[in-house]
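This chain uses plain numbering: 1 for the first residue, then up along the sequence.
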Amino acid sequence: PDISMQVRRTQFASPDLWKASLKQPQGAKKKKLKNQSTNLFGETIGRLHVKKQDVAKMQGRKSKALRRAEKTAKEDEQQALDEDLARERTEMDQEFHQTYGFQQD
């Protein structure tokens with residue numbers, strides 16, 4: 001089938017009618033999506049902006065093994081502190097004895 005097309009109207013509309021005909025409704029335009037794109041396969045890829053999180057302050061589920069590990073770590077730390085204090089006390093007692101010649105009460 002052949003189609004022959006001809007332009008039969010050579011007269012343009014009045015300027016105000018022309019302007020009204022070119023107007024598009026507000027809802028017809030798509031809102032631009034920021035930080036989104038599509039890849040070759042048509043999948044939408046987006047970038048999220050999330051504040052940096054401090055993992056140390058976050059509360060998570062604690063297992064018994066973690067609780068035991070924390071408890072032993074605290075005990076080890078306390079034992080090390082006690083040993084340091086005892087060593088410093090003996091050193092101070094020795095210094096006192098050397099300086100004054102008698103033991104402190």
* With K71, which of R68, E75, R67 fulfils side chain to side chain contact (heavy atoms under 4.5 Å, CB included)? -> E75

* Got a second to check how far M92's CE is from E95's CD, nearest 0.5 Å? -> 7.5 Å

* Check whether more than 12 heavy atoms from other residues, nucleotides or ligands sit under 6.0 Å from atom CD of Q24, and answer yes or no. => no

* Would one find more than 12 heavy atoms of other residues, nucleotides or ligands at under 6.0 Å from atom CZ of R47? -> no

* **Derivation and outcome, salt bridge (Lys or Arg N to Asp or Glu O under 4.0 Å), residues D16 and K19** => CA-CA 5 Å; D16 55 330; K19 192 172 182 180; over 6 Å; no

* Structure fact -> In this structure, CG of L81 is separated from CG of D76 (nearest 0.5 Å) by 11.0 Å

* Between NZ of K74 and CD of E70, what distance do you get to the nearest 0.5 Å? -> 6.5 Å

* Run the numbers on T38 and E43 for side chain to side chain contact (heavy atoms under 4.5 Å, CB included), then give the verdict. => CA-CA 5 Å; T38 55; E43 298 171 335; over 6 Å; no

* To do: Kindly determine whether E91 and R87 satisfy salt bridge (Lys or Arg N to Asp or Glu O under 4.0 Å), including the steps that lead there.
  => CA-CA 6 Å; E91 288 175 1; R87 184 177 44 82; 3.5 Å; yes

* Has R89 got more than 12 heavy atoms of other residues, nucleotides or ligands less than 6.0 Å from its CZ? -> no

* Asked: Out of curiosity, T90 OG1 to Q94 CD, how far, rounded to the nearest 0.5 Å?
  -> 5.5 Å

* Rounded to the nearest 0.5 Å, what separation is found between the CD1 atom of I45 and the CG atom of N35? -> 12.5 Å

* Structure fact -> What one should report as the nearest heavy-atom pair of Q103 and F96 is C-CE2, 4.2 Å

* Gap between atom CD of E77 and atom OG1 of T72 - 0.5 Å precision -> 11.5 Å

